[in-house]
Amino acid sequence: MHRDGCDPDNVRPEDVLCDFCGAAAWAAGKACVEGHRGSLICGDCLSNAYRSVVLRQDELPSAECVLCLEVREEPAWRGRRAEAAACRRCIKQSAGVLHTSRHWDWVKPANP
Ligand SMILES: [Zn+2]
Ligand SMILES: [Zn+2]
């Protein structure tokens with residue numbers, strides 16, 4: 001997401017925030033994955049989401065996903081910013097993208 005009051009014609013890295021924790025992950029040079037309409041999930045949130053929804057298979061209610069804008073019949077994860085949810089498909093896809101990207105050293109969490 002973009003910081004409140006940022007100039008849409010001149011979006012700076014520090015204006016791009018993780019939808020799930022609000023961190024300026026982009027400016028901090030952290031791994032992150034973009035979704036629809038300027039949405040963003042940072043690597044830290046993605047790790048938490050992956051552990052919850054994929055590894056532990058937590059039973060979470062479905063919700064509109066900020067990354068794909070769909071409401072899917074599957075668990076949707078929420079981070080510190082409770083208004084944003086991510087569906088399991090997007091979590092898996094994003095994890096695949098970051099895991100295989102040579103640009104980031106993000107590694108998919110594994111079962112202990
Ligand atoms: Zn985050
Ligand atoms: Zn989604």
Side-chain angles (χ1 to χ4, degrees):
M1 66 178 177
H2 292 154
R3 190 187 294 281
D4 276 350
C6 90
D7 178 357
D9 296 324
N10 180 26
V11 177
R12 297 162 303 167
E14 56 268 34
D15 293 329
V16 183
L17 309 178
C18 171
D19 280 72
F20 301 89
C21 66
W26 197 272
K30 286 196 184 173
C32 33
V33 181
E34 285 176 284
H36 283 284
R37 271 201 229 138
S39 59
L40 194 82
I41 183 165
C42 75
D44 294 345
C45 286
L46 188 57
S47 296
N48 291 336
Y50 192 88
R51 282 193 200 99
S52 167
V53 168
V54 180
L55 297 183
R56 290 199 305 267
Q57 302 191 358
D58 291 342
E59 285 189 28
L60 302 170
S62 63
E64 184 178 339
C65 170
V66 294
L67 299 170
C68 67
L69 308 176
E70 287 179 38
V71 183
R72 297 170 58 85
E73 289 297 319
E74 57 183 40
W77 179 84
R78 290 176 197 271
R80 229 184 306 149
R81 292 184 69 253
E83 57 266 54
C87 72
R88 186 169 58 195
R89 181 187 58 172
C90 285
I91 292 166
K92 281 186 170 174
Q93 261 180 15
S94 303
V97 168
L98 276 194
H99 189 77
T100 54
S101 164
R102 289 188 196 165
H103 190 64
W104 305 111
D105 57 4
W106 190 88
V107 176
K108 230 187 248 186
N111 275 315

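Indexing begins at 1, ligand by ligand and atom by atom, following the structure's order. Heads up: numbering here begins at 1 and tracks the sequence.
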Asks: Quick check for you: within a radius under 2.8 Å, how many protein N, O or S atoms neighbour the Zn ion (ligand 1)?
Replies: 4
Asks: So, with waters excluded, how many protein N/O/S atoms does the Zn ion (ligand 2) have closer than 2.8 Å?
Replies: 4
Asks: Is it the case that more than 12 heavy atoms not belonging to D7 sit under 6.0 Å from its CG atom?
Replies: yes
Asks: What residues, two or more places apart in sequence or in another chain, satisfy salt bridge (charged side-chain N to carboxylate O under 4.0 Å, His left out) together with E73?
Replies: none
Asks: For C45 and F20, work out which heavy atoms get closest and say how close.
Replies: SG-CB, 3.7 Å
Asks: Counting only N and O atoms by type, is there a donor-acceptor contact under 3.5 Å from the side chain of R51 to the main-chain atoms of L55?
Replies: no
Asks: Tell me if the CD atom of E59 is crowded by more than 12 foreign heavy atoms within 6.0 Å.
Replies: no
Asks: Does atom CH2 of W106 have more than 12 heavy-atom neighbours from other groups under 6.0 Å away?
Replies: yes
Asks: Please, which pairs that meet side chain to side chain donor-acceptor pair (under 3.5 Å) have at least one residue in residues 91-100, sequence neighbours excluded?
Replies: none
Asks: Would you check if there is a donor-acceptor pair between the side chains of D19 and S39 at a distance under 3.5 Å?
Replies: no
Asks: Please name the pair of heavy atoms, one in A63 and one in A76, separated by the smallest distance, quoted to 0.1 Å.
Replies: N-CB, 3.6 Å
